[in-house]
Trainee: 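The structure's right below; bear with me while I get my questions together.
The shown structure was predicted, so the numbers you read here are calculated from the model rather than taken from an experiment. Heavy-atom basis, side chains included; hydrogens, waters and symmetry copies ignored.
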Amino acid sequence: MEVSLLYGKGELKINVPDHSVVLEPKSINGVEDEMGALNEALLNPIGTSPIHEIVKETDKVAIVISDITRPTPNEKIVPAIINALPHVPKENFVIINGTGTHRDQTEEEFIQMLGEDIVNNIRIINNSCHDKSTQTKVGTSRFGCDVWLNSEYVEADFRIVTGFIEPHFFAGFSGGPKGIMPGIAGIETIMTFHNAKMIGHPLATWGNMIDNPLQDMTREINGMCKPHFMLNVTLNREKKITNVFAGELIEAHDLGCAYVKEHTMVKCEDRFDVVITSNSGYPLDQNLYQAVKGMSAAQKIVKEGGTIICAAECIDGLPNHGNYAEILQMRKTPQELLDMINDENFKKFDQWQVQKQAVIQVWSDVHLYSTLTREQVENSMLNYVEDIEVLLEQLKEKYGPNYSIAILPIGPLTIPYVEE
């Protein structure tokens, strides 16, 4: 049978054995009127008053957004907020791009993310996690670090965090407090949040919010300098808004996570010999660093010693910024990388993504179909795939004609699991 995987800005069609199991979330249509849904949420928020009633004309307003690696519809969310506050002068707003440790966005990219009207009329800054002169210390975390956040956010009279809620491979769910921590945090705080002990914790995984140290830390830090208002959305396969959650940070985020968990978590009776996954297409599959999320979703249901096939376009390369590519070259095997990262004396930002990738590779074989060269793929300790259908024929020889196979067409927007 033919299946379509989200890949880049389109889809990748492949033929798979008829007995393959296709795993997707419950189908949810987008709302008919997206701007109407956003406006309604701003007028009737969860756990707080309507936004226009609590922001004063003289307030300096900071709006934190997701960066370009996320499919958050910033071009709809931000105008909805601005339009809801007509009494606030445009010069009183600042939009802070929550890059975390990711690269800055260009003006052209901001236009793509927000539209020309916003870019031309509202001040926009990238968070600079490595520049302490742009940060303010707001406290000390019980997880063992000083807490540094973007100064323009800290000093604003009214703070708004935006984003979209999806399952997350170590924080349980994205959105909500993650927009602030690590989105606009300093590198010292981000390194603790992503250290080997935190990332390797058994409860730091997809869909889990209970005693998850990363979710606990992000909420603790948000409490030190809390957003006054949250506006998050949920999205379907077509990246259309399916629901809006606005209001008090924790209450609104919890409701959003429960909504997402209900239709994205898919129970499987057994693990599979082979799991084929996408990385949800653009923008999440624009580099290999992000593609680890698709691999991680597949690992939840692949047998030990099984095979993961990940289709991710990777038009942004490994990427060539950050330390991810460099760390991958520091040892010769995934297990050696894990041993290096688990040494408490090793500290290098982006180590968390290599750690997650290495855990997956120790468990199973990982093959990558992408626009990367064979050399780039193999230097990343992955298996290069030129043709997925040819690879499936080869795997039939390895596992037998009745081998079990699962497909995740939209990658980590579906979280399969096996109760073990």
Trainee: Quick one: do Arg219 and Asp254 make a salt bridge, cutoff under 4.0 Å?
Mentor: yes
Trainee: So does Arg123 pair up with Glu152, basic N to acidic O under 4.0 Å?
Mentor: yes
Trainee: Report the relative orientation of the aromatic rings in Phe169 and Trp206; use parallel for angles under 30°, tilted for 30 to 60°, perpendicular for over 60°.
Mentor: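 Rings of Phe169 and Trp206: tilted, 30 to 60°.
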Trainee: For the rings on His194 and Phe170, is their centre-to-centre separation under 6.0 Å?
Mentor: yes
Trainee: With rounding to the nearest 0.5 Å, note down the distance linking CZ in Phe93 to CD1 in Ile82.
Mentor: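 The CZ atom of Phe93 sits 4.0 Å away from the CD1 atom of Ile82.
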Trainee: Only counting residues at least two apart or in another chain, list the ones meeting side-chain contact (heavy atoms from CB on, under 4.5 Å) with Glu32.
Mentor: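 Not a single residue meets the side-chain contact (heavy atoms from CB on, under 4.5 Å) criterion with Glu32.
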Trainee: Would you call the rings of Phe349 and Trp352 parallel, tilted or perpendicular, taking 30° and 60° as the class edges?
Mentor: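 Rings of Phe349 and Trp352: tilted, 30 to 60°.
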Trainee: Where do Asp131 and Gln135 land on the side chain to side chain donor-acceptor pair (under 3.5 Å) test, with the steps shown first?
Mentor: CA-CA 7 Å; Asp131 184 358; Gln135 300 155 18; over 6 Å; no
Trainee: Anything under 3.5 Å between a donor and an acceptor, one on a side chain of residues 153-163, the other on a protein residue two or more places apart or in another chain? List them.
Mentor:
unit_1 : atom_1 : unit_2 : atom_2 : d
Tyr153 : OH     : Cys225 : O      : 2.7
Asp157 : OD2    : Lys60  : N      : 2.7
Arg159 : NE     : Lys226 : O      : 3.1
Arg159 : NH2    : Lys226 : O      : 3.0
Thr162 : OG1    : Val64  : O      : 2.7

Trainee: From Ile96 CD1 over to Ser151 OG, what is the distance, rounded to the nearest 0.5 angstrom?
Mentor: 9.5 Å
Trainee: Under a 4.0 Å N-O cut-off, is there an ion pair linking Lys132 with Glu188?
Mentor: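 Looking at Lys132 and Glu188, the cut-off is met.
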Trainee: With respect to Asn150, which candidate in Asn126, Thr134, Asn127, Asn97 satisfies the side chain to side chain donor-acceptor pair (under 3.5 Å) definition?
Mentor: Asn127
Trainee: Knowing that exactly one of Ile118, Ile111, Asp117 qualifies, which makes a side chain to side chain contact (heavy atoms under 4.5 Å, CB included) with Leu114?
Mentor: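 Checked Ile118, Ile111, Asp117 against Leu114; only one passes side chain to side chain contact (heavy atoms under 4.5 Å, CB included): Ile118.
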Trainee: Give the intermediate values and the outcome of side chain to side chain donor-acceptor pair (under 3.5 Å) for residues Glu166 and Thr264.
Mentor: CA-CA 8 Å; Glu166 65 172 342; Thr264 60; over 6 Å; no
Trainee: To the nearest 0.5 Å, how far apart are CD1 in Ile327 and CD in Gln353?
Mentor: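 With rounding to 0.5 Å, CD1 (Ile327) is 10.0 Å from CD (Gln353).
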